[in-house]
Amino acid sequence: MVSRSSTRFLNICIASFCKAKHLQRAETVIIDGVRLGVLPDVVTYNTLINAYSRFVSFDAAYSVLDRMKEASIKPDIITYNSLIAGAMRHCLLSNCMDLFEEMLELGIKPDIWSYNTLMHCFFKLERPDDAYRTARWMLKELGASGLVPNVITYTTVMRCCFRSRRFEQGLEIFEEMIDKGYTFDGFAYCTVVGALVKTCRIEEASHYMERMVNTDIGLDMASYNTLINLYCKGGKLEMAHGVLDKMEKEGFERDEYTNTILMNGLCEEGDVEGAMEYMNVAGFNSNLVALNTMVDRCCKADQIDYAFKIFDSMHMRDSFTYSSLIHNLCKVGRFRCASKLLLSCVRSGTRILPSAKHAVFDCLRHSGHQREVKRLKSEIKLALSAVV
DNA sequence: AGTATCACTA
């Protein structure tokens, strides 16, 4: 009894160190605990798995599973749900699937959290149509196991619909969520508005935003950012600033989303320099999305050299970074530069957007370099096999 | 004491 309550205390310590990203301290506490006869349990390890997958790597998280085995502690459903979410965070879809299989083999029955997590993995990592089909299949599967889809399941399926451009169906799900009382917070509304704004359906988006504002759901940070983005994209920068003021009066501080949205708004108005200055002054110039935006906007403002300067300075790059540069290089006919960049993207293990790849091929073909296309394709193939 | 959904880039 004494040791059980000590373990509970240990877990509280571990959880707070993990929350503060002090993983080393958490490990020290475990060692000290063991010395005093306080043994970690499955909760301790689950906490570690989450922290390692969030702040370190999937491998670090997965290695906790080995430590559990050594300590003869059986992983539970939360262990596997956490590992699957961790694999998704690091874009490792096949690991997600393997873990799901492993869980079944161990006789651990997936719960609604497992399905929601797996569905989200597919949403994030697969092509929109595949993600949508998988989500539909999972709905059937979980129903067959007697599980009931919850608000998170609905939100995820709805996102799959929007992403695969099934707008009507997505909106139907939203109305169903209203009926079920699943719109007690801003999640569903922001999902709908975000998807509509992204596809330039500003009018429709405004309608749903209005519906949200007319409920008594308090606006949270994400809702404010959604609203500000709606105004920016609709070309109403003053309105956006009005909301910003209101938000700040209510005690919310603008975050990196807000800043990127505002910066985009400036670009949209044609003030790329102002956007650049805002980024530097507001101090979010290490934000990947903001930098990607600037790379793209500089290119479009005929400042490709400046875009390259930003590109070179970036500590992290993703498919957006490469794809927008490649697209813009193709547009101005710099096909050699574009294909070089395409290769370095593939070699860095970054997934290239198909549209960027095809832009390079088309660009080469149109400038009469048919042979180069063939060569580039085989080099990509080679690079891909080397990465995997 | 430990797990899953919203907002910014193309």
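Residue numbering restarts at 1 for every chain, and letters A, B, ... go by the order of the sequence lines.
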Sugar-phosphate, base or nothing in reach of Thr47(A), heavy atoms under 4.0 Å: sugar-phosphate

Quiz item: cation-pi between Arg163(A) and Phe123(A), 6.0 Å / 45°: yes

Sugar-phosphate, base or nothing in reach of Val295(A), heavy atoms under 4.0 Å: nothing

Sugar-phosphate, base or nothing in reach of Arg317(A), heavy atoms under 4.0 Å: nothing

N/O donor-acceptor pair, side chain Thr155(A) with base dT5(B), under 3.5 angstrom: yes

Sugar-phosphate only, base, or nothing, as touched by Asn287(A) at under 4.0 Å among non-hydrogen atoms: nothing

Touch class at under 4.0 angstrom, heavy-atom based, for Ser323(A) against every strand present: nothing

Protein-nucleotide distance (Leu325(A), atom CG; dT9(B), atom P), rounded to Å: 18 Å

Base dA4(B) paired with Asn150(A) side chain (donor-acceptor, <3.5 Å): yes

Phosphate contact (dA10(B) OP1 or OP2) by His327(A) side-chain N/O below 4.0 Å: no

Side chain proximity check, Pro75(A) to Tyr80(A), heavy atoms < 4.5 angstrom: yes

Audit row: Phe162(A), Val192(A), side chain to side chain contact (heavy atoms under 4.5 Å, CB included) steps and yes/no: CA-CA 8 Å; Phe162(A) 288 130; Val192(A) 173; 4.0 Å; yes

Sugar-phosphate only, base, or nothing, as touched by Lys19(A) at under 4.0 Å among non-hydrogen atoms: nothing

Sugar-phosphate only, base, or nothing, as touched by Arg89(A) at under 4.0 Å among non-hydrogen atoms: sugar-phosphate

Gap between atoms CG and C1', on Asp185(A) and dA7(B) respectively (whole Å): 13 Å

More than 12 heavy atoms of other groups within 6.0 Å of Glu273(A) CD: no

Nearest-Å distance for atom pair CZ/C1', residues Arg54(A) and dT3(B): 9 Å

Sugar-phosphate, base or nothing in reach of Thr260(A), heavy atoms under 4.0 Å: base

Sugar-phosphate only, base, or nothing, as touched by Ile78(A) at under 4.0 Å among non-hydrogen atoms: base

Sugar-phosphate only, base, or nothing, as touched by Asn259(A) at under 4.0 Å among non-hydrogen atoms: nothing

Non-hydrogen side-chain atoms of Asn280(A) and Met276(A) separated by less than 4.5 Å: yes

